[in-house]
Amino acid sequence: ASYPDASASPLSLMAGQGAALKAGAKGYLHNHLRVALKDLGILLLALGLAVAIRKFLLGALEARIVWVTFYPAVMVAALYGGLITGFLAAVVSSLIALYGWPLIGNHPFINDGADLLGMVAFLFNGAMIAVVAEVARRARIKAIHAKDQAESANKAKSVFLATMSHELRTPLNAILGFSRLLQNDENISPENKRSLGLINRSGEHLLALINNVLNLSKIEAGHISIDESVLDLSGLMRDLVELLRPRAEAKGLSLSLDLAEDVPRFIMADEAKLRQIVLNLLGNAVKFSAAGTILLAISQKPCDVSERIILQISVRDSGEGIGQEEVQKIFEPFYQAASTRVREGTGLGLAITRDFITLMGGSISVESTLGEGSVFLVDLPVGLPGGVGTDDISASASAAVSRDDNRIPHLAPGQDDWRILIVEDQSENSQLLSRILEQAGFQVRVAWNGAEGVEAFRSWRPHFIWMDWRMPVMDGKEATRLIRSLEGGRDVRIVTLSASVFKQDRDELIQAGADDFVTKPIRFREIFGCMEARLGVRFTYDKALPDNSGVIEQGGQPPLLDHKTLASLPDPLRANLAAAIGSLDSGRIGTALDAVSAVDPVLAADLRRNIGLFQYTAILDALQSMAKADAPEGN
Ligand code: ADP
């Protein structure tokens, strides 16, 4: 009866005290008291259990090795409660032995000097256990603290990245948007249009680069993934060579591309990463060569995995080369070879390149001789699109490549007079957006910050608002919230223009009441696509193929042309189609396909897809052979 009631009292004590404390004192004292009560509870529980085991299970031991069950009890108490609790457990155990033992065993606990020595040794060992447990506990607390600190530092880094990406994307928006707009301008000469194309492609590359720098920090955090889609390999490689040609030619270097015949045109790979890998290597070759030839060679070899091949990319230059002792070091971040005379760049390019290649399951090596040149060799496993359904291919490929991005649609006739409000503090962005929307036939107004936006909503009642997120005076989130609370504020469509790449930011926008968001830099297709989806407006594409997707599909395998149905088309339609394809004028081809579609929409769709994949000669050959067969004999 004198044993502590280990199972009931501490818990009920804790529960009772806990409830009382919850209602009363708060803060520091409250927490400390709770912890102390919890430790006390554990201590009593452990000791009670120790006594019970000693008495009932190990009762046959009588007065021998009394401490056998108290050691584990002290250990448990010390592990949970630390030094004081552990030490207290050792002392309470000794008191139980001293005063409780006569009650259990009907004879005194200390009979001779050996019993006393045993108790002192137990107390000493118990104190040691308590010290060790305390050290372990402190180490654990320190680790938890360090983890918390690392997490908050990581969060700060994410915020920094979000801000930086916003700052970089905003000016890019103007570069990409205006160069695209100018490409539509009829007064611009073809040569200037080509230059604009280059500006545009460089801008797109810069955008990809920004994304990749963001990705690099994600690689460090282990958050990066490979985003495979169907891509036109030869098109991509040609684009990259063309992108660097002006720079190479300015230095008197010749730049050539050698694509082995057996390399498939369409592959499945992470386009942005592949692009950056090749661009980094080619860029270095141009940068570190003063004369001679640079050769980008692409070949393939079989891969163990089915539906995949190993793409072999080699970049050879006759430049300054790298010394043997430095060849491996150049892949380290920020390393620039001592022998290098040209001091441009950051020394990050090859580190990123190698990270991407490793991530994609490939490898990179380099052979170089000082003064003679270098060759970088990359082996990269990539997928073959054959394993995917044709529909998937065209869908993902058209999403990846949208050459028709620069076409501006027009509002289809017979619709409301749509009023669109742009709330944006950056004048380049608002000018760009208002121009493309006006050209498409909308009524447009611009407000320069959130507060003006709310005012414009009150006085003008737009149907749709393009809302920038970060603005002075009042930001987009606040403005959206305010507008939603106004009369009629629930009916207007609000879509946020945000440069942020972080999901939590997007969730915040939607919570604030935005219907959707479009990421900057804006792409015409996304802008009009979003308005179609959110507002239900309809567009016509004047120079385009007639279907609403507005995209000439790229990539994938062309569907087989059904020669029989092609032959069954009325002669004038076939002749018209042949002439249109012969002219290579997309407007004419579109009109001709429209006419075919009226007679046979399935055939028209097949033709369209073939044209999207540049199968002009195949279609022309088929049409011409039919024309010959139709021609009366002897003519
Ligand atoms: P960066 O080009 O910005 O300096 P990189 O990581 O791309 O950074 O390259 C690191 C270093 O490797 C370069 O500074 C240069 O010393 C060396 N290097 C890379 N490519 C070549 C090349 N084709 N020829 C000679 N040296 C090269």
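Every heavy atom of this structure was used, including side-chain atoms; hydrogens, water molecules and symmetry mates were not. Just follow the structure's listing: the first ligand is 1, and inside any ligand the first atom is 1. Computed from a prediction, not measured in an experiment: that's the story for all the values here.
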side-chain contact (heavy atoms from CB on, under 4.5 Å) between Phe517 and Ile510: does it pass, once the steps are laid out? CA-CA 8 Å; Phe517 55 81; Ile510 301 293; 4.1 Å; yes
Using heavy atoms and a threshold below 4.0 Å, how should the contact between [X] and ligand 1 be classified: side chain, backbone, both, or neither?
X: Thr353; answer: neither
X: Phe376; answer: side chain
X: Lys287; answer: side chain
X: Ser374; answer: side chain

Using the salt bridge (charged side-chain N to carboxylate O under 4.0 Å, His left out) rule, collect all pairs that involve residues 323-335, keeping only residues at least two apart or in two chains. none
Might you confirm whether atom CG of Asp304 has over 12 heavy atoms from other residues, nucleotides or ligands at distances under 6.0 Å? no
With atom 5 (P) of ligand 1 as the reference point, say which of Val375, Leu350, Val366, Ile322 has the nearest heavy atom. Leu350
Test salt bridge (Lys or Arg N to Asp or Glu O under 4.0 Å) on Glu438 and Arg435 and set out the steps. CA-CA 5 Å; Glu438 274 165 3; Arg435 262 174 66 180; over 6 Å; no
Check each atom of ligand 1 against the heavy atoms of Tyr335 and keep those under 4.0 Å away; list them by number with element. 10 (C), 11 (C)
For Ala337, the atoms of ligand 1 under 4.0 Å from one of its heavy atoms are 16 (O)
Starting from the C-alpha separation in whole Å, work towards a yes-or-no answer on side-chain hydrogen bond (donor to acceptor under 3.5 Å, both in side chains) for Asp379 and Ser363. CA-CA 5 Å; Asp379 275 6; Ser363 61; 4.7 Å; no
Does any pair with a residue in residues 368-378 pass side chain to side chain donor-acceptor pair (under 3.5 Å), and if so which ones, sequence neighbours excluded? Ser368-Ser374
Do any nitrogen or oxygen atoms of Asn284 come within less than 3.5 Å of a nitrogen or oxygen of ligand 1? yes
